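First comes the structure, then the notes that go with it.
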Amino acid sequence: MLNIAFQQMITIGIFCANLINYGTSRIKGGWGWRVSLGLAAVPALVITLGSLALPDTPNSLLERGKEEKARAQLRRVRGTEDIHMEFEDLVAACDQAKLVKHPWANILKRKYRPQLTMCILIPFFQQITGMNVIMFYAPVLFKTMGFGNDASLMSAVITGLVNMLATFVSVAIVDRLGRRILFLQGGAQMAICQIIVGVFIMKTFGTTGVVGEIPKTSATLLLVFICFFVAAFAWSWAPLGWLVPSEICPLEIRSAGTSINVSVNMLFTFFIAQAFLAMFCHMKFGLFFFFGAWVVIMTVYIAFFLPETKNVPIEEMHLIWKKHWYWSRFVEEGDKPGNNRDTAAN
Ligand SMILES: OC[C@H]1O[C@](O)(CO)[C@@H](O)[C@@H]1O
């Protein structure tokens, strides 16, 4: 739940940005975009000023050896003197964390090959769905497809709203249904929508790229399928792209695994944002088939390579890999976190 809250905040931010764009586009005189761009400074300012007033966490104080301050801070945060048990837990967790010496060398060990692979492939796949083409370029995309100016920005607001609401769905069901089913259902729905949108654009505009006025019913249908795509992404690959890598990595590789996951995600967000316009001009409707093909590949990958990780305590995660038809060749009996049978050479 807390993990998905991160994704939830992202979607709320995107939706606010969509609303602001819609609002500022109505400013007469053509300078609304400056307001929209300038308003991006507001959250940055809130974070910067807020951080000045942000107190140290008990955890961070403990890590720096300031035990008394940590205790006082915990009392302050909890508003009670009765913090003994929690404080002991924090000390134990902190001691454990200090034992982790080389997370980057650890993650290269053979027994962590499943985690390393997932921390690279899951964020890559998440971005190659093409979701950010819709998030970043929705108005351009809708305009290219023949929507009017206003309708394009309104459509972006609608997809932003769907994105935000569907993320709540994920929070509600991910612990009941499990990760795999969401990945697989979300992937299937995304692929179907991409194929439908691709065929639709192919039939409506052909390969010329010349776009006339789009009939109202066709425009609505197109928007509906794009919304289905967005919803599927928002309750599956979006939150799970953060959740799964974090829950499969034990403490001794967590910092390295998380860094890899975030870096790959941001790197491909950047690449796709840069490449989209050129790709769309060249590939036209084919771009949707391109992303659709990737969605099929990643859904098949999940079906074969990702075991269910719901409710698996982190100290038992190695048993899940050990039982897996493919990953079992990398993980041996007794390969618990902290047991160092092998060397980084593997
Ligand atoms: O909700 C859409 C957003 O979710 C992410 O895929 C992952 O956080 C972002 O790259 C994207 O902009």
Side-chain angles (χ1 to χ4, degrees), residues 1-21 36 40 43-44 47 118-142 155-174 179 182-183 185-187 189-191 193-194 197 223 225-247 257-277 279-280 288 291-292 294-295 297-299 301-302:
M1 164 104 180
L2 210 55
N3 194 300
I4 297 185
F6 169 62
Q7 180 64 21
Q8 189 78 70
M9 292 301 147
I10 294 179
T11 62
I12 293 173
I14 295 174
F15 180 55
C16 291
N18 290 150
L19 281 177
I20 288 171
N21 287 343
S36 157
I47 293 172
M118 295 296 168
C119 286
I120 295 172
L121 283 186
I122 290 181
F124 164 71
F125 284 150
Q126 192 208 60
Q127 290 305 316
I128 204 79
T129 54
M131 172 63 169
N132 276 326
V133 160
I134 294 169
M135 289 294 109
F136 297 171
Y137 293 105
V140 180
L141 199 65
F142 288 125
S155 306
V157 171
I158 296 172
T159 49
L161 182 66
V162 169
N163 187 30
M164 186 179 78
L165 296 179
T167 310
F168 282 110
V169 174
S170 186
V171 175
I173 59 177
V174 71
R179 286 54 170 147
L182 279 187
F183 266 131
Q185 187 284 333
Q189 185 168 326
M190 281 193 282
C193 290
Q194 272 157 327
V197 171
L223 182 60
F225 280 107
I226 290 184
C227 285
F228 281 155
F229 167 83
V230 169
F233 178 86
W235 65 53
S236 62
W237 280 84
L240 297 176
W242 303 115
L243 178 66
V244 170
S246 76
E247 71 185 359
T258 307
S259 309
I260 294 172
N261 184 32
V262 175
S263 308
V264 174
N265 195 305
M266 296 300 150
L267 203 68
F268 282 94
T269 303
F270 172 77
F271 283 152
I272 289 176
Q274 290 302 309
F276 163 69
L277 283 179
M279 284 171 86
F280 194 36
F288 292 90
F291 287 129
W294 275 108
V295 174
I297 293 172
M298 65 204 224
T299 308
Y301 175 82
I302 293 293

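Whatever order the structure lists them in is the order used to number ligands and atoms, beginning at 1. Side-chain atoms are counted along with the backbone in the values below, which use heavy atoms only and exclude waters and symmetry mates. These numbers come from a predicted model, not from an experiment.
The side chain to side chain contact (heavy atoms under 4.5 Å, CB included) search around Thr167 returns Ile4, Gln7, Gln8, Thr11, Asn163, Ala234, not counting sequence neighbours. Under the rule for a side chain to side chain donor-acceptor pair (under 3.5 Å), the partners of Ser246 that lie at least two apart in sequence or sit in another chain are Asn3. Applying the side chain to side chain donor-acceptor pair (under 3.5 Å) test to Gln126 and every residue at least two apart in sequence or in another chain returns Asn265.
Ring-plane geometry between Phe124 and Trp294 is classed as perpendicular, the angle between the planes exceeding 60 degrees on a 0 to 90 degree scale with a lower cut at 30. Under the 30°/60° scheme for interplanar angles, the aromatic rings of Phe271 and Phe268 are found to stand perpendicular.
Side chain of Tyr137 to backbone of Ala273: a donor-acceptor contact under 3.5 angstrom is found.
Protein residues with a heavy atom closer than 4.0 Å to ligand 1 are Gln7, Ile10, Thr11, Ile14, Gln126, Gln127, Asn132, Met135, Asn163, Phe233, Trp242, listed by chain and number.
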